[in-house]
A.B. asks: 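Submitted below is the structure of interest, expressed as structure tokens.
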Amino acid sequence: MNIKINYTKGTTPVIGKDLRFGTTFTDKMFEMDYEKDKGWFNPVVKKFEPFSLSPATLVLHYAQEIFEGQKAYKWKDGRVVMFRPENNIKRFNISATKMCMPNVDEKLFMEALETLVWADRDWIPQEEGQSLYIRAAMIATDPVLGVRSGSQYKFFIINSPIGCYFLEGFNPIKIWASDTYVRTVPGGVGEAKTGANYASSLRGAMEARERGCTQALWLDGQEKKYIEEISTMNVFFVENGKLITPKLTGGILHGITRDSVIVAARDLGYSVEERKVSITEFCEGVTSGKITEFFGCGTACVISPVGEIIYKDKSYVINNFKTGKITQHIYDTITGIQYGKIKDKFGWIKVIEPRE
Ligand SMILES: *Cc1c(COP(=O)(O)O)cnc(C)c1O
């Protein structure tokens, strides 16, 4: 299937100063539709514009939606690159299957990403920490109110020039471990990147902010005992010099940054262990000084050091609220690869070949 090009070339980007996450968009988008008997059709890169949807559209009522978040970078030598995009494509289709939605052909998805990112290359900010955030999503578009999975879908990709995800930048954040709310439950869709998981995390995130915290730290949905993740990030901590991350037990998203941290850390000589970690064990480790660093990781922020956690109204401060050495080392390594300053020996960088 060939992607149609239907936008005015040579438009000048208007990247404002405000690169707060997800507030500015480029002037183009990719769009493609699906019908049960036809499969995917009409793939097009076109002007960024609103959709026209029936108020009865399925996704608006029953949340059958999935998405991906990834980034493109423009290197000093002018090359435009993406970071492990094939992993996002694979995970998108895993999410699709979990949410009873059709898969997107991997090659077509990649071609759509490359075509759109290349078309938007002049929109990619080049300063340290800046990038083009790429949001692919799929929604059920049947105009019916019956509760069932759709037979019509829309797939789209939009791009947003961004700076750092958190207002704090690469500075430690404070988080609240919720023992009242849960993000996902066993047997639920915690492993799918779906808006539904975010809807159920809003209330907890609001209470976190009321407590002066940036985000909520989610515990497992059954016993509220084991650490799972921060809203948009997987977590790691350093215990006696070793990196520990919660094991993927079903409710945790399979983060690509998480995987990159594991691979890069081992390569740097750190040992990494994946296991269940209870919140009480964690708090005791911070108190006794065994746990010396804690960070979240995800595409948007890459790595975000955590300086303090609140659990059952008690505060646990990690590393005097400073970014730890190992956290910094891993951050420098991964961002070094992403910005072309460190050799990519893992094959994570995909250079977008110049095209029409
Ligand atoms: C996207 C996401 C992450 C991070 O995944 P990356 O692939 O590293 O960006 C972590 N947790 C949740 C719930 C997410 O949606």
Side-chain angles (χ1 to χ4, degrees), residues 21-22 63 65-73 82-96 98-99 109 113 131-138 157 160 162 164-166 173 175 177-178 181-186 188-205 208 214-221 226-236 243 245-265 272 274 294-304 306 327 330-331 333-335 337-338 346 348 350:
F21 183 79
E65 184 263 2
I66 58 168
F67 66 95
E68 266 308 323
Q70 53 194 309
K71 281 176 175 176
Y73 307 86
M82 289 187 286
F83 186 71
R84 310 186 74 182
E86 58 290 339
N87 292 61
N88 294 94
I89 293 173
K90 289 215 162 69
R91 186 172 63 189
F92 188 83
N93 281 334
I94 291 170
S95 297
K98 280 191 197 293
M99 298 299 287
F109 197 147
L113 284 171
S131 59
L132 187 71
Y133 182 81
I134 307 165
R135 168 56 55 88
M138 193 200 301
I157 308 173
S160 171
I162 60 162
C164 197
Y165 187 67
F166 294 115
I173 56 167
I175 58 175
S178 172
Y181 303 106
V182 296
R183 188 187 83 97
T184 63
V185 289
V189 289
E191 281 184 342
K193 216 169 165 70
T194 172
N197 288 331
Y198 281 84
S200 61
S201 75
L202 292 177
R203 185 84 203 181
T214 309
Q215 298 248 355
L217 175 71
W218 300 107
L219 305 179
D220 76 277
Y226 297 101
I227 292 179
E228 294 214 316
E229 57 182 318
I230 305 177
S231 303
T232 55
M233 298 188 286
N234 294 109
V235 297
F236 283 83
L243 280 155
T245 190
K247 198 171 153 184
L248 302 173
T249 46
I252 302 176
L253 194 94
H254 293 220
I256 294 161
T257 317
R258 176 187 183 276
D259 184 69
S260 307
V261 169
I262 293 175
V263 173
V272 185
E274 296 177 65
F294 185 32
F295 64 86
C297 68
T299 295
C301 65
V302 188
I303 280 175
S304 183
V306 179
T327 306
I330 293 169
Y331 174 82
T333 305
I334 293 179
T335 54
I337 294 172
Q338 289 170 335
F346 309 111
W348 286 343
K350 181 175 178 71

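Predicted model, so just to flag it, every value in this text is computed and none were measured. Remember, it's 1-based here, ligands and their atoms both numbered in the order they're listed.
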A.B. asks: Distances only, to 0.1 Å: what are the N or O pairs between ligand 1 and the protein that fall under 3.5 Å?
C.D. replies:
residue	atom	partner	partner atom	Å
ligand 1	7 (O)	R91	NH1	2.7
ligand 1	7 (O)	R91	NH2	3.0
ligand 1	7 (O)	I256	N	2.8
ligand 1	8 (O)	I256	N	3.3
ligand 1	8 (O)	T257	N	2.9
ligand 1	8 (O)	T257	OG1	2.6
ligand 1	9 (O)	T299	N	2.9
ligand 1	9 (O)	T299	OG1	2.6
ligand 1	11 (N)	E229	OE1	2.5
ligand 1	15 (O)	K193	NZ	2.7
ligand 1	15 (O)	Y198	OH	2.5

A.B. asks: So, F294 versus F236, ring centres under 6.0 angstrom or not?
C.D. replies: no
A.B. asks: Check this for me, if you would: do E68 and R91 make a salt bridge, where the nitrogen-to-carboxylate-oxygen distance has to be below 4.0 angstrom?
C.D. replies: yes
A.B. asks: Please confirm whether Y73 and F83 have ring centers closer than 6.0 angstrom.
C.D. replies: no
A.B. asks: Classify the side-chain pair R84/S260 by whether it contains a donor and acceptor separated by less than 3.5 Å.
C.D. replies: yes
A.B. asks: Less than 4.0 angstrom from a charged side-chain N to a carboxylate O is my criterion; do E228 and R183 meet it?
C.D. replies: no
A.B. asks: To the nearest 0.5 Å, what is the distance between OG1 on T249 and CG on D220?
C.D. replies: 7.5 Å
